[in-house]
Amino acid sequence: MIIRKRLTVGVGILLATLTAGLGSALPAAADEAPAKASPKVELVLDVSGSMRTRDIDGQSRMTAAKQAFNEVLDAVPEQVELGIRTLGADYPGNDRKVGCKDTRQLYPVGPLDRTEAKTAVATLAPTGWTPIGPALLGAADDLKGGDSTRRIVLISDGEDTCGPLDPCEVARDIAARGIHLVIDTLGLVPNAKIREQLTCIAEATGGTYTAVQHTDELSGRVKQLVDRAAEPVVTPVATEGADSCSSAPQLKPGLYTDREKFGEHRWYRVDVLPGQELRASVSVFADRAVNNDYGVLLRALTVHGREIVRGSESGTGRTDAISSGLRYPKAEVDGTDSDDKPAAETVCLQVANAFSAPASVKTSPGMPVELTVDLVDAPDDAADAAAFGLGRGWWLLGVLILTGLIAGLLFGWISRWRVAVWRTN
């Protein structure tokens with residue numbers, strides 16, 4: 001009896017010790033969990049002299065922008081790190097060289113102090129030039145570092161006045177860095193040239209252009225873009241395709257970005273196990289003017305150069321993106337020992353485009369390419385999914401064809417028999 005009591009007490013002490021140990025270990029494990037990087041946004045505001053113009057709801061463009069900024073700052077999600085950069089806010093003179101360097105960070109990118117940010121915006125007055133290109137380069141530097149979502153929102157009422165540094169080329173160079181920075185643009189003047197330039201800047205990085213002519217439109221759109229930065233997204237991985245399969249990068253399931261010159265072929269490699277199905281898709285973005293008649297090709301080949309399956313798409317006329325995809329199911333290997341790991345097949349993916357550009361358009365850097373790779377469980381009979389491109393429905397088509405052939409023969413035989421009987425009688 002005493003032994004049983006001692007045993008019960010011992011078990012109780014042991015359980016209490018384990019519980020205390022687990023309780024102290026759980027917070028430590030939680031503390032060690034990596035914190036998710038906060039999304040970063042920088043608002044770039046044009047403060048050039050033209051912002052004095054009074055054509056937005058009876059007030060100046062600058063006043064409308066300040067009002068919109070105050071509303072946006074009140075609504076910024078807590079998890080977003082926000083900064084503000086200006087262009088044309090400080091130099092009122094006529095020296096082009098000095099005016100084209102007039103860009104500065106008004107509020108640093110980081111946790112938002114709403115009162116401090118509003119106070120900084122309130123001090124702004126329309127002043128100088130419109131150095132959009134230098135401002136975008138400065139904003140890209142403000143947002144560099146880390147792997148969080150990054151977005152620039154540019155608000156301007158005019159074209160860049162600091163050529164030959166083309167802001168559209170600046171945006172392409174930023175996109176070519178592979179830092180996954182999106183630039184959205186908002187135009188305060190419904191002018192064709194301004195719209196064309198701001199649209200080009202946005203499209204070069206996968207962003208959007210919006211024309212706004214009212215204060216509520218401006219604040220509403222900027223709020224929407226800031227909120228979008230806070231939404232969870234899949235961050236693409238920058239990669240660089242090779243000129244042959246043998247030297248191509250090895251890709252795992254995921255989303256990848258690259259740059260491809262006009263008419264170029266790029267290669268990538270994917271390992272596919274028996275019982276898996278490779279699903280791949282590619283999109284090529286025409287971020288500049290291109291000639292009519294274009295296309296994109298995605299092919300899956302063996303390492304020996306035999307084509308397995310292909311997907312292609314073509315078009316005529318202006319396009320922002322053109323996409324294609326393919327599926328390759330690999331059948332299970334019969335008769336293998338369960339302890340033996342089946343060997344993977346290396347599949348070569350080739351991405352090619354048939355774009356060309358007018359002589360006046362720069363062809364470098366290359367056009368943005370987005371490649372998606374996924375590996376899923378293959379269908380029970382891998383051959384069914386690829387046969388004639390019809391999936392599992394090929395046999396139904398065959399039955400319908402055979403049924404139609406037999407019905408036609410029977411109908412013809414009956415018709416001839418009736419004609420023969422009619423002639424006899």
Side-chain angles (χ1 to χ4, degrees), residues 38-48 50-51 53 55-57 59-89 103-124 126 130 132 135-136 138-140 142-143 148-158 167 171 181-190 194-195 197-199 201-231 233:
S38 298
K40 298 179 180 180
V41 179
E42 182 145 85
L43 307 180
V44 179
L45 179 61
D46 182 350
V47 195
S48 59
S50 59
M51 290 290 284
T53 306
D55 59 359
I56 298 184
D57 298 333
Q59 56 189 351
S60 70
R61 299 169 186 171
M62 191 72 249
T63 302
K66 287 182 178 181
Q67 181 179 332
F69 264 51
N70 286 337
E71 294 177 6
V72 169
L73 293 172
D74 284 334
V76 172
E78 291 295 334
Q79 69 270 31
V80 173
E81 295 186 0
L82 186 133
I84 304 172
R85 174 171 282 273
T86 62
L87 59 98
T103 176
R104 65 182 171 93
Q105 192 174 45
L106 182 70
Y107 185 84
V109 178
L112 182 62
D113 184 324
R114 302 175 199 277
T115 302
E116 185 178 340
K118 287 181 181 180
T119 302
V121 171
T123 64
L124 297 176
T130 314
I132 294 178
L136 292 178
D142 296 340
L143 295 169
S148 62
T149 302
R150 282 167 284 185
R151 186 177 294 270
I152 294 173
V153 180
L154 169 66
I155 302 101
S156 179
D157 72 335
L181 193 158
V182 176
I183 303 175
D184 296 292
T185 59
L186 290 88
L188 304 182
V189 177
I194 296 172
R195 181 177 64 250
Q197 185 175 83
L198 295 180
T199 299
I201 292 170
E203 289 182 349
T205 60
T208 59
Y209 163 75
T210 307
V212 293
Q213 295 179 269
H214 300 282
T215 305
D216 57 346
E217 291 177 349
L218 178 59
S219 60
R221 182 57 176 160
V222 176
K223 285 179 188 176
Q224 186 181 52
L225 294 172
V226 173
D227 289 342
R228 184 175 297 175
E231 296 173 356
V233 296

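Position 1 is the first residue of the sequence; numbering continues from there.
Considering every non-hydrogen atom in both G158 and I132, the closest pair reads O-CD1, 3.7 Å. When all heavy atoms of V182 and G207 are compared, the closest pair comes out as CG1-CA, 3.6 Å. T63 approaches Q59 most closely through the heavy-atom pair CG2-OE1, 3.2 Å. When all heavy atoms of P126 and S48 are compared, the pair lying nearest together is CB-O, 3.4 Å. Shortest non-hydrogen contact noted between A89 and L124 is CB-CD2, 4.3 Å. Nearest approach of V44 to A139, heavy atoms of both residues: CG2-CB, 3.9 Å.
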Inset, instruction - List the steps, then state whether side chain to side chain contact (heavy atoms under 4.5 Å, CB included) holds for D142 with I152. - result: CA-CA 10 Å; D142 296 340; I152 294 173; over 6 Å; no
Inset, instruction - Using the side chain to side chain contact (heavy atoms under 4.5 Å, CB included) rule, take V121 and Y107 through it: C-alpha gap first, then chi angles, then the decisive distance, then the call. - result: CA-CA 9 Å; V121 171; Y107 185 84; over 6 Å; no
Inset, instruction - Take T130 and D46 through the side chain to side chain contact (heavy atoms under 4.5 Å, CB included) test and state the conclusion after the steps. - result: CA-CA 7 Å; T130 314; D46 182 350; 3.7 Å; yes
Inset, instruction - Please test R221 against T208 for side chain to side chain contact (heavy atoms under 4.5 Å, CB included), starting from the C-alpha separation and ending with a verdict. - result: CA-CA 11 Å; R221 182 57 176 160; T208 59; 2.8 Å; yes
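Considering only heavy atoms from C-beta on, R228 stays 4.5 Å or farther from V226 through its side chain. At least one side-chain heavy atom of I155 sits under 4.5 Å from a side-chain heavy atom of L188.
Scored by the side chain to side chain donor-acceptor pair (under 3.5 Å) test, R151 finds D184 as partners (sequence neighbours excluded). When the side chain to side chain donor-acceptor pair (under 3.5 Å) test is applied to Q197, no partner is found at least two apart in sequence or on another chain. In terms of the side-chain contact (heavy atoms from CB on, under 4.5 Å) criterion, residue partners of T115 (sequence neighbours excluded) are, by chain and number, D113, T119. Scored by the side chain to side chain donor-acceptor pair (under 3.5 Å) test, T185 finds no partners at all (sequence neighbours excluded).
Taking CG from L218 and NZ from K223, the interatomic distance works out to 10.5 Å, rounded to the nearest 0.5 Å. Here the CG-CD distance, from L73 to E116, works out to 11.5 Å after rounding to the nearest 0.5 Å. The CD1 atom of I183 lies 12.5 Å from the CD atom of E203; values are rounded to the nearest 0.5 Å. Here the CZ-CD1 distance, from F69 to I84, works out to 5.5 Å after rounding to the nearest 0.5 Å. For the atom pair CG (L186) and CG (L45), the distance works out to 11.0 Å, reported to the nearest 0.5 Å. Remark: I194 CD1 to Y209 OH distance equals 7.5 Å, nearest 0.5 Å.
Listed for the T149 side chain is no donor-acceptor partner under 3.5 Å among the backbone atoms of P39. Counting only distance, with no hydrogens or angles, the side chain of S148 and the backbone of S38 share a donor-acceptor pair below 3.5 Å. Using modelled atom types, one side-chain atom of T103 and one backbone atom of T86 make a donor-acceptor pair closer than 3.5 Å.
Counting only residues at least two apart or in different chains, salt bridge (charged side-chain N to carboxylate O under 4.0 Å, His left out) contacts with residues 60-76 comprise D55-R61, R61-D157, D74-K118. Sequence neighbours left out, the pairs with a member in residues 75-84 that pass salt bridge (charged side-chain N to carboxylate O under 4.0 Å, His left out) are E78-R114.
T53 and S50 form no side-chain donor-acceptor contact under 3.5 Å, judged by distance and modelled atom types alone.
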